[in-house]
Every structure is written in C-alpha cells, then in structure tokens.
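Have a look at the structure below, then the notes.
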Amino acid sequence: MAKLYNNSLRFLYSFTKIHFMKKILFPVLSLSTAIFLLGISGCKPKNAGDATGADAAARVYVSPGKYDELYNFVSGGFSGQVSVYGIPSGRLLRVIPVFSVDPEKGWGYSEETKPMLNTSHGEVPWDDQHHLDLSQTNGEIDGRWLFANANNTPRVARIDLKTFRTAEIIEIPNSAGNHSSPFITENTEYVVAGTRFSIPMDNENGDVPIDSYKKNFKGTISFISVAPTNGEMKLAFQLLLPGMDFDLSHSGKGPSSGWFFFSCYNSEQAHSLLEVNASKRDKDFILAVNWKKAEEYIKQGKGKKQVVKYAHNRLDETTHSATSVIETETTVIDVKDFPDIVYMIPCPKSPHGCDVDPTGEYIVGSGKLAALIPVFAFSKIQQAITNKTFDGDYEGIPVIKYEAALYGEVKKPGLGPLHTEFDGKGNAYTTFFISSEIVKWSIKDLKVLDRQPTYYSPGHLCIPGGDSKKPYGKYLIAYNKITKDRYLPTGPELAQAAQLFDISGDKMKLLSDYPSIGEPHYAQAAPAELISKNSLKIFKLEDNKNPYVTMGEKQSKVVRDGNKIHVYMTAIRSHFSPDNIEGVRLGDEVYFHLTNLEQDWDVPHGFAVKGNNNAELLVMPGETQTLKWVPERTGNFPIYCTDFCSALHQEMQGYVRVSAKGSTVPISFSLGKNSDTLDSAIKK
Ligand code: K7E
Ligand code: CUA
C-alpha cells in the first residue's frame, strides 16, 4: 500500500500536468481541498491494476476463428480517422478513413473519393476527429450509421455501417472548432454541432480587432437533420448565441427528449491566455436547449436566411463516386429574440463533459477543475423554468438558480472529472484526468461505490450503449492520454492506451490494455450482431453505375479525348485487361478507370504505375476506381497489382509506353499478345 501510494504520488508529480495542478488548481481550489484530493488520488485501492490473473486473460481471449462480442468505434483524434476494434479482444479490425487522406484505402487519392475532402476552403487532407455517435431509434442504438466530427475545419460525417465507408460529409458555416459534435437526438432526427471558438459570423466582415470579441464574436449551435430513410444530412437551422466556448453535449431522452444540453466554458469571454482568464469565474454554464421549440419557430418561418458558403459531399453507393456541392444558405435564429429556447444552468469550474443518464432525468456536468460532480435533474430544471427561479441572465439568456436545477453533488469523487457514461443499472462512471482513475458512483444517492486507477490520465470512456437508453453495461473502455511506461519504448511518442474493464460485478476489474491509433477521444460500441447482420460483402457488378465502369474484359479499351486518355481497365485474378498500352504522349493526362470484376468477398485488387506521384488504388469487388497519372518522362512504365490476390498475384502486371510530345505512335492496347517470348524463341 505504502509503495503504491508513493508510486502514484511520484507518478503524479512526474507529469507536466502537475504544473497545471499547481498553477491553476491550487489557486482555484482551497489548499486544504487540494491536499485532500491529492490524498485521495494517492490512496488507490489494493491490487490496483492487477490484471495478470488467468481469469482476466480468459475473458479477453477470443480464440482463432471466433468473433468478438462487440464492435468498438473509436475516434482517431489528430489522425482524422475512425478505428474499429473488437471487444473484448482489443483487436484492431479496421481503420475507416473519414477526414484525412488514407493511402491504405486510396481515400482522397482516387478521383472518385477526392471530392469527399473538399471544403469551402478547398481540399483539406487532414483534420482532428473527436467524437462519435451511433444512430439511434427510440433512444437505442440501431446499427445503421456512425456520425463523426471534424474539429478544425468544422464538418460532420456520416459513416454507413453497411460498407464501413464515409458516405457523407457536411461542412458547418458560422463555426470554428466543431467540438460539441456530433451528438444525436433520440430518433436521429438531428445531429448537433456546437462551435468551440466563437468568431465573427461568416456573412459579416470578419476583419475586426481581436479585442472586439465581446461585440463581434458569436457562438452557434447547428442542427443538421438526418433523413430517416437514407440518412442524408441537411443543415436545418442554427442558433446564434453569445460569444463563448461550447464544449460538449448530449441530447435528452425519455422525459427530456426534445432538449439538448451543452457544456460551455469561457463565459468570461476571454480571447487570450484562457488558461487563466477563462478560469476566473467560480461557475460556467450548461446550456439547456429546447430544440423542439426552436424547430417550431423555424416551421413558423421565424428564422433569418443568411448567405454563407459550405461544402456538402456525398459518396454515391451505385457510382462509388463522390460529388461536392457548395451550398450557400443557412437559417439562423438569434436566441436573444426567442428567450424561451435556451436556458443557462451554472456548472462549477470549467465544465467539459455533459452527459445524460439512460432515464433522461439526470444531467451530469464535469468541471475540469472541480472537486465535485454536479448532477442536475430535468424535472427540477422544468420546474425552475415554470416558476422563473432565475438568477438574472447571461447576455439575455435566463440563468436558472444552481440549487433549483441541482439534484445533488457527488462529493469528493476525485480530481479533474471529464466524462461520464452509464451502465443502465443506476450507476455512473466518470473519468478523472488529474487523479488518473475511473470512479463508479450511484446516481440515486450520489455515493462513490468504487474507484480504479487507469494508466494514465483518461479522457473519454465508453460503455457500449453508454449514452443510449439501453446500455449494454458489461464492459468499460478507458481512453488514456498518457502511456508513459506501459509499452515498449517507441521513440519519443507512444501509442495511446485503451484499457478494458469488466463492470459486470460490484467492483470494476481491469482486464487488458492495448495500443490505439491517433488520439482516441469519444468512442461508441454496439453488439456485433447489430452491425454484422447488415454488412455488405461485395458490390454487385450489375449495379455498378460508375460512368467509367467496364463490365467485362471484352469492353476494356483505351480512348483518347484531346490530351486526356481514358483507360477502361478490368482486374480479375490474375491479370489486368488491357495490360499493354501504347500511344500515351508527354503532356497527356491518363485516367486508369479500374473495375474489379471479382464477385467474391474480400478479393480486392490494387493498382500502381511507376512514378505516379498521386497514389495507388485499392478496388473492391464490383467497384470502379480511377487513378490519374500525368507521366513526366518517356519510357515504359510497369503497372501492377498491389494486393496479394492469388497465387499468381505477382504475375498481375503490365506496361504502359509513353512517347514524346508529337509522337505518331497510335493508341493501342492488348492483353495476351506476346510476339517474341523466350518460349517461342526456344521453339524456333
Ligand atoms: Cu474530452 Cu475533444 Cu471529447 Cu477528448 S474531448 S478527452
Ligand atoms: Cu490482383 Cu494481386
């Protein structure tokens, strides 16, 4: 115990984060509270992290050929992608390219997928992806779509779980730092997106002094509608709010259905050294939004149209091609004019996570610098609104009295609460960044029931279905920000660690930890069956509507159109048709439109041509993908398949001849025409 205590203290002090604690936390908290909290964080339970038992090993072992119990979709943070793990094994099943180019899948490199990364700022090949939300019906995960946010250049993506592909990306105008996003309503009516950074609105002159923040900088919350049939997104309306930072959110459910809750910080409206200047007030806010009411006002035509610019990108399922359209209009409601849409609830110390329990009655705010967790009751919030139990207003928005909205506080839970998930059995689990632990507490009586250390400094956590009405509640995964000594050293950077806990008993039990890709923030998980039953195995060739499809080898051809050369090419084990091409000249742009004729699960073909400085292709069965090549020298350039597809994969190759500008070599193409092989030479 003493050793453990010392270790954890030494560990705490060894972090740079301790500076944060010393500089920020101590002045903010009273010294005695801080010392007490340090005490708690040092006093971890016995056997902390002892997952070495055969029992733990057996629980995460998925024997060869067997499937995992759950899919775990994990945000990639600065990788811009989403990764998919099997639970309980922790095996990486897939990386889904979303907001960043991905050479493994040709995402953003093939002509068909390039438009997906288009924005009003042009092509953005790398973004920062923090939060995920699975679509829900009646508050339960329905296994259809996964929504993802791009933080930097504000966008929301919809991933189709039939194909595990990003099907749609919509940019968000009047926003910067799309952090409190993408959170969905109970029936996936809307995906919301709250701006982290307040900014001058897009239709105004943004060239204003930074210190005019209070006057010119505004925040917005966007409601993107989702078509129930095909998931198609549309920017329905935006709420205009006072300038501050909107951080995280979750929708209401059950009794609170029709409401949305957002944590906000920087109510001080600082624009420099926020570390200090946005931590001055004792309390920031949780913003309660009556979106049903806002929707009514929009239906009554009370929104104002604004001219803006944002990209809307769709990947068509039948052409396997993306289009990008620049949209030009948004509808805005200024909450100043409609004060019954939004209310502020004071929330202590720089709130971050904002989580709603499965019953929809309790809203948990997590103040990053708080020494307690406030739990608000939806029924009390409603009562306070009816009785106008307000404590003045914040820039015209009624501020509900803290005590009037409060159900109660979890006392002394730990240090630096960030995020909370629920097990559906009346318990909540909160991550504590500073004291590096997960704390289980009872919603009913707000008592701490268990605490387990994490290695180290967890951000988000995920309980499968943990933000729905029906959590799966058997596992909990913590996503840790700092890995330190957990893995073999790999230079200055270590992969961030995920840690799997069994939460089926009274006490949490650490089962395993495993590395992850990028920086995981929020994650979602669902029972395997819910997703796998819809999983597509091939694209049907007969349904391929790509304008450059080649339905069979007989149709393959090479066509010159000015300086553009279109190669209608097919791939099947183990050759391309055609595989000999001549007549390309310098100054030409060559488009290889490769159709994979296979109709078997898991038989992609790759395509590469020497010297191409764009990329390669990876083409799924029944699909057509296009690679653009602009040769910059004459010669003969090999092409080959990059995916080991058969025993004779290595034979899947050919040549393209490139001649000088003005050459008279005619376009020709062939397959299997061998004039002078050694074989014939031997026979001679
Ligand atoms: Cu806490 Cu961007 Cu959700 Cu990460 S945020 S931890
Ligand atoms: Cu086709 Cu290798």
Side-chain angles (χ1 to χ4, degrees), residues 70-73 131-149 156 158-159 161 180-194 223-229 231 233 236 248-262 286 288-295 353-365 375-379 381-382 407 419-429 443-444 460-476 503 522-531 533-534:
L70 298 141
Y71 284 97
N72 183 201
F73 300 94
H131 304 124
L132 298 171
D133 222 357
L134 284 163
S135 58
Q136 295 183 6
T137 304
N138 298 323
E140 290 178 29
I141 292 170
D142 60 24
R144 295 199 287 172
W145 307 302
L146 176 70
F147 296 90
N149 73 324
V156 167
R158 179 174 55 86
I159 295 156
L161 293 176
S180 40
S181 164
F183 293 94
I184 54 148
T185 52
E186 240 188 322
N187 283 296
T188 322
E189 296 97 333
Y190 293 101
V191 182
V192 302
F223 284 78
I224 299 161
S225 61
V226 179
T229 45
M233 298 188 286
L248 276 160
S249 71
H250 262 108
S251 76
K253 42 174 113 61
S256 57
S257 161
W259 287 72
F260 235 106
F261 305 94
F262 293 81
I286 283 178
V289 178
N290 185 340
W291 63 262
K292 279 275 184 203
K293 190 117 238 168
E295 199 183 43
C354 183
D355 300 289
V356 181
D357 91 310
T359 69
E361 167 68 358
Y362 302 104
I363 299 122
V364 181
V375 181
F376 302 98
F378 181 72
S379 53
I381 295 171
Q382 291 311 298
Y407 170 69
H419 299 283
T420 301
E421 290 260 85
F422 307 91
D423 65 3
K425 292 185 281 188
N427 303 308
Y429 299 74
I443 303 171
K444 194 156 160 254
H460 277 274
L461 74 171
C462 166
I463 291 174
D467 70 343
S468 73
K469 269 187 177 166
K470 207 172 148 194
Y472 190 72
K474 182 170 169 189
Y475 299 107
L476 178 156
I503 56 164
Y522 199 31
Q524 295 273 285
E529 159 62 16
L530 197 59
I531 313 270
K533 65 172 195 234
N534 298 327

Does a side-chain heavy-atom distance below 4.5 Å link Arg144 with Leu161?
-> no
Flag, side chain of Glu361 to backbone of Ser379, donor-acceptor distance under 3.5 Å = yes
Between Lys253 and Val356, is any pair of side-chain heavy atoms under 4.5 Å apart?
-> yes
Minimum side-chain heavy-atom gap Trp145-Val226 below 4.5 Å | yes
Rounded to the nearest 0.5 Å, how far does NE2 of His419 lie from CG of Leu461?
-> 8.5 Å
Does anything in residues 463-476 pair up under salt bridge (Lys or Arg N to Asp or Glu O under 4.0 Å), and if so which pairs, sequence neighbours excluded?
-> Glu69-Lys474, Glu140-Lys470, Glu186-Lys469
Minimum-distance pair of heavy atoms, taken over all atoms of Gln524 and Leu134 | OE1-N, 2.9 Å
Over all atoms of both residues, closest heavy-atom pair of Ser468 and Gly139 | CB-O, 3.2 Å
Distance-minimising heavy-atom pair for Asn72 and Ala523 | ND2-CB, 3.9 Å
Are Glu295 and Tyr190 close enough that a side-chain donor and a side-chain acceptor fall under 3.5 Å?
-> yes
Under 4.5 Å between any side-chain heavy atoms of Met233 and Phe147, yes or no?
-> yes
Partners meeting side chain to side chain contact (heavy atoms under 4.5 Å, CB included) with Asn427 (sequence neighbours left out) | Asp423, Lys425, Tyr429, Lys440, Ser442, Leu449
Would you say Leu530 and Tyr71 make side-chain contact, with heavy atoms under 4.5 Å?
-> no
Could you state the interatomic distance from CD (Gln382) to CG (Asn290), rounded to the nearest 0.5 Å?
-> 7.5 Å
Could you walk me through whether Asn187 and Asn138 pass side chain to side chain contact (heavy atoms under 4.5 Å, CB included), step by step?
-> CA-CA 5 Å; Asn187 283 296; Asn138 298 323; 3.3 Å; yes
Might you work through the side chain to side chain contact (heavy atoms under 4.5 Å, CB included) test for Tyr472 and Ile141, ending with a clear yes or no?
-> CA-CA 10 Å; Tyr472 190 72; Ile141 292 170; over 6 Å; no
Taking side chain as C-beta onward, heavy atoms only, is Ser181 less than 4.5 Å from Val156?
-> yes
What is the ring orientation for Phe183 with Tyr522, classed by angle as parallel under 30°, tilted 30 to 60°, or perpendicular over 60°?
-> tilted
Close side-chain approach of Pro182 and His131, heavy atoms under 4.5 Å | yes
Nearest-0.5 Å distance that lies between atom CD1 in Ile184 and atom CG in Leu132 | 11.5 Å
Rounded distance (nearest 0.5 Å) linking atom CG of Asn149 with atom CG of Asp133 | 10.5 Å
Do Phe223 and Thr185 come within less than 4.5 Å of each other through their side chains, counting heavy atoms only?
-> no
Might you point out which heavy atoms bring Gly365 and Ile286 nearest each other, and give the distance in Å?
-> CA-CD1, 3.8 Å
Kindly give the heavy-atom pair with the smallest separation between Pro471 and Pro358, and that separation in Å.
-> CG-CG, 3.8 Å
Can you name the nearest heavy-atom pair linking Phe262 to Ser249, along with the distance?
-> CD2-CB, 3.3 Å
How long is the gap from CZ on Phe261 to CD1 on Ile363, to the nearest 0.5 Å?
-> 3.5 Å
Glu189 CD to Trp291 CH2 distance, which is reported to the nearest 0.5 Å = 4.0 Å
